[in-house]
Each structure stands twice: as C-alpha cells, then as structure tokens.
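Residue numbering restarts at 1 for every chain, and letters A, B, ... go by the order of the sequence lines. As the structure is a computational prediction, the values presented were derived from the model and not from experiment.
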2 protein chains.
Amino acid sequence: MTERDTIPASGKAAYITEEVRRRIIEKEWRQGDRIPDEAALAAEFGVARATVNKALQLLADEGLLDRRRRAGTRVAVNPVRKATFSIPIVREQIEAAGKSYSHRLISQSRSPLPARRAEQLGLSPGEVLIHLRAVHYGDRQPFQLEDRWINPRAVPGIEEVDFHHLNANEWLVRNAPYLRAELTFSASNAGVRDARLLDTEPEQALLILNRTTWNDIGPITAVRLAFHPGYAMSATT
Amino acid sequence: MTERDTIPASGKAAYITEEVRRRIIEKEWRQGDRIPDEAALAAEFGVARATVNKALQLLADEGLLDRRRRAGTRVAVNPVRKATFSIPIVREQIEAAGKSYSHRLISQSRSPLPARRAEQLGLSPGEVLIHLRAVHYGDRQPFQLEDRWINPRAVPGIEEVDFHHLNANEWLVRNAPYLRAELTFSASNAGVRDARLLDTEPEQALLILNRTTWNDIGPITAVRLAFHPGYAMSATT
DNA sequence: TAGTGGTCTAGACCACAGA
DNA sequence: CTGTGGTCTAGACCACTAT
C-alpha cells in the first residue's frame, strides 16, 4: 500500500467501499460526478482491479453509484436507496421478543377461492384450495391474525397435514421453499371479527402484510397477516 | 464444460446460482443437508472456485444457505428470507404512476423537538430543529402527508432553503446523502386534521412509514409519511 | 490440526455503448 | 473504433472452527 495504510474495515474491498462512501457523503465526489475508473482506483489503493470492482458493485447495488460500460462510474444523482427487512417466522419473532409463543387454529377447510385471492395467486376463482385461519399469541396476548390460502398442487403432501398443533408458516418454510415472493404493506380498519380475535376495538387501524409465494410449479400460498395495533415492522438499509 | 452445456442464465456464476437454487427447491438437497464444498462444485461445473464462491455467497445472502468455515455449506433449515423495497422519491413515485405531481407546504418553522421525535433522532427534547409539514398530490388528489424534522447541524445550508417550491425529500436526497437509515411501517387511525389534508374520513386506517437517517455528523432527518387510504407499499425478494 | 470458506491477485477476454 | 465495466481463471494465503 501507499500512505493509505490505515486500518481496513475488514478486508481491502470493505475498506474501499467505506472510503468511497465517505468521499460521497463528504462531497469530495458530488452527485453526477464521474469518479476515477477501476484501474485508476486500483492503482491508488494498491490493489487488484477485481477488488475495486467488488467494492464499487456493492455501492451500485445500494443505489449510490451508477455504472455503465464505456461511460464509467458516476455518483448517482437521485440515489434510489433500498431497504431490506427479513421475513420473519412468527414464532421466532415472538420468542425473540422474550415472549412465549402459542397459536390457535380457527378453521382449516378446503374451499373455493374468492375472486380477490384468485387474482393475487393467478388462479381461477372457485378453484378449491386449502384455507386456514389462525391467531398467533405472545404471552397469551394476540399478536397476529393469519388468513391463508394454500395451493395443494404446488405443495405435495400438504393435504395430510393437521395444523392444529403445527403452524402453517413453519411447515411451509421447511417444506415448500419458494422461488419468488411478493409482499405489500397496507392499513385497514379492523372488522368486528378481526377486533374480537385480536382483542381490540372495531375500526382500530391494523397494519396488514400480504404475501404471495411461487415455486416452479406455480403459486404456493397467499397470506394476509393483520398485526395487533401498535406493532411496527422495521427495516434498515 | 462437461455435459452440463445447457444455456447459462447469463454468466457462469448466475447459472450455478440458478442450478443450486433448483436443487434446493426440488429437494435434491434438503433442508439441513450439507452440500458439496466449493472445490467439488467447481470441478462438477468446470469453473474456478471463485466463480462457485460468488454464486453460493449470493444464495447465502438470500438466506437459502448457511455457510461456515470448516463446517461447510448447508441448506438453511429455517430460511429467513429477505425482501427489498426501494425508498421512493415521492415525485418519481407519483409520476411513475402516470400522474402529475404537485405539493403544498403547510408549515415551515424552527421549533423545539417533541419528546417522541427526540427519541427517534437521539437528540434532546426541546432542541430546536426545522419542522416541515407538507402534502403531496397526484393529479390533484392527496397522496401522502409528510411531517418532517430536520437537524440543521447535520445539513449545512438547509437554513436558507425555502421549501415552498422545492420538496424537502428531493432536496435532502440530493444534498444530504446518508450513511444509515431506519424505517418502520405501522398503521394509525386518521385524526381530524390528517383526514382533512388527505381528503378522507377521521378514523380511517392509514399506512404510516417512519424514516430516520444519519450521516457521519449525526441524525439528519426524521419523517412520518401517512399515505392515502388504499395505497399499498410493495416489495419483492 | 486439518478442512473449509473468505479474500485477494495478476492477468485475460469479452460486451457494451460513447465518440 | 476504443475505453470502460463485467466476468472468469488459476493460484495463493489466510481465518476460522470442527474434530
């Protein structure tokens, strides 16, 4: 290395990532500016070009840099940053909060698919799927209300499972890995029934998470999770 | 290559990623199983070990594999999958939906920080920050209600900006890149004032996004965004 | 102690798009 | 056409940890 022999964050690529990030944050390199090319940075930091490439790709994935062949690398003008959150297994989520987990199956049946769910899954309305409704508790307090449709054709073996003592979330996570998922967050006023099951008042605002997953056979499951009032789902960059 | 000369997804690493993903989804490799080590896979696919490493690291980041030195690589037992969503610039979000964007500044002042916001920012209650309230419209319909506190010490130059014609979101994105952000989603019943500004009814459930950002100086801004009823924020894996 | 993943290197060839 | 990033290779050394 040249005089740039401060302690690297962890590896050389990580150090370069942090150093480039710092130059952007401190406006040494301003939005829209072209930054030196990989070969130049490799020379400056005394590393191989592949190392610089790895560092810059990370920042490009984060949205801080725009990289194009021939045109070079520029500091993003409108950095569209991304945030990540983990899709929790409800039991682990509750236990991580130091509470004891329990759940109650309200209904399990084979039913014809209502129109809205059919659209979500890309199946025909009226097709018969498995329909589950359950409540998940932390220290006996209702935490989450689950309303789930499962496509048995995508999950061989599901027909024989009894979810009274096993939670569908975990069974699916272990037995039906998915290729693709779609999630949406929204808000909805609690209905009379939701309110009773979640031990709250009708019209109370609830955070709703809808999730649909697919594997190579087709749609696996569509679930609507309604959270107890006051719960906030968090994410970081 | 050996007989494995089907069309690669795009590069060799991408092809290996997809092939390993397929083996997991189709249960050729089951949850908890140890998979062949990098050297063995490199031999099988006829590539360098670094290429296998890149492919497997991607799957480990996704949560599908657990990798540990000496212990090898295993298919994750409880795959904690991650989802990503992009943090939108409200104007781009509205224009991407084919609507014309406008916004209205309701108030801009220097005010003492209330306790809840102080906690969110890690500053002292009563400290004087810049407080903004604004509504963002798509085709003249209210879309989002913004309530923002900005720490002028972290953003030199902010004191001179007039946000009547410039939207704070964009100014900050362009002028105050952040190092770290925290986001939470929650739901809340509209108050009388919220309802009026969003052109809806009091008690209507609203999706709330709270976001706080930091740079190397300290906290930059904390903002509470309330969305018009019916809006759903989506994410994918 | 030894087997595994983590990282880096020097070099190469290629794909893309700007001039 | 040519400069830039995208990707791959063969090899090396290191860091961790299971045994």
Side chain to side chain contact (heavy atoms under 4.5 Å, CB included) with [X]: which residues, sequence neighbours excluded?
X: R74(A); value: R34(A)
X: D216(B); value: I25(A), E26(A), L179(B)
X: E95(B); value: R91(B), Y101(B)

What are the bounds, 5' to 3', of the part of DNA chain C that sits under 4.0 Å from heavy atoms of chain B?
->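 So the outermost contacting nucleotides come out as dA2(C) to dT7(C).
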
Specify the residue among G72(B) and T51(A) whose closest nucleotide of DNA chain C lies further upstream toward the 5′ end.
->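 Looking at DNA chain C, the more 5' nearest nucleotide goes with G72(B).
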
Applying side chain to side chain donor-acceptor pair (under 3.5 Å), can you list everything that pairs with [X], at least two apart in sequence or on another chain?
X: R68(A); result: none
X: Q31(A); result: none
X: T73(A); result: R67(A)
X: Y178(B); result: none

Presence of salt bridge, [Y] and [X], under 4.0 angstrom:
X: E119(B); Y: R116(B); value: no
X: R180(A); Y: E182(A); value: yes
X: R49(A); Y: E44(A); value: no
X: R22(A); Y: E18(A); value: no

Could I get a table of every N or O pair under 3.5 Å where one atom is in the protein and the other is in nucleotides 17-19 of chain D?
residue, atom, partner, partner atom, Å
dA18(D), OP1, R68(B), NH2, 3.2

Return the residues of residues 28-37 of chain A meeting this criterion: a heavy atom under 4.0 Å from some atom of DNA chain C. Order them by number, or give none.
->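 Nothing qualifies; none.
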
Kindly state which residues belonging to residues 53-66 of chain B come within less than 4.0 angstrom of DNA chain C, counting heavy atoms of the residue only, listed by number.
->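 Under 4.0 Å from DNA chain C: N53(B), Q57(B).
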
Touch class at under 4.0 angstrom, heavy-atom based, for A13(B) against every strand present =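 Answer is sugar-phosphate: A13(B) comes under 4.0 Å of backbone atoms only.
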
Going by distance alone, is a donor N or O of one side chain under 3.5 Å from an acceptor N or O of the other, for D61(A) and Q57(A)?
->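 No, no side-chain donor-acceptor pair sits under 3.5 Å.
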
Residue pairs involving residues 138-150 of chain A (criterion side-chain hydrogen bond (donor to acceptor under 3.5 Å, both in side chains); sequence neighbours excluded) =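 Residue pairs with at least one partner in residues 138-150 of chain A: S100(A)-D139(A), R117(A)-D147(A), H131(A)-D147(A), H136(A)-E146(A), E146(A)-R148(A), R148(A)-T221(A).
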
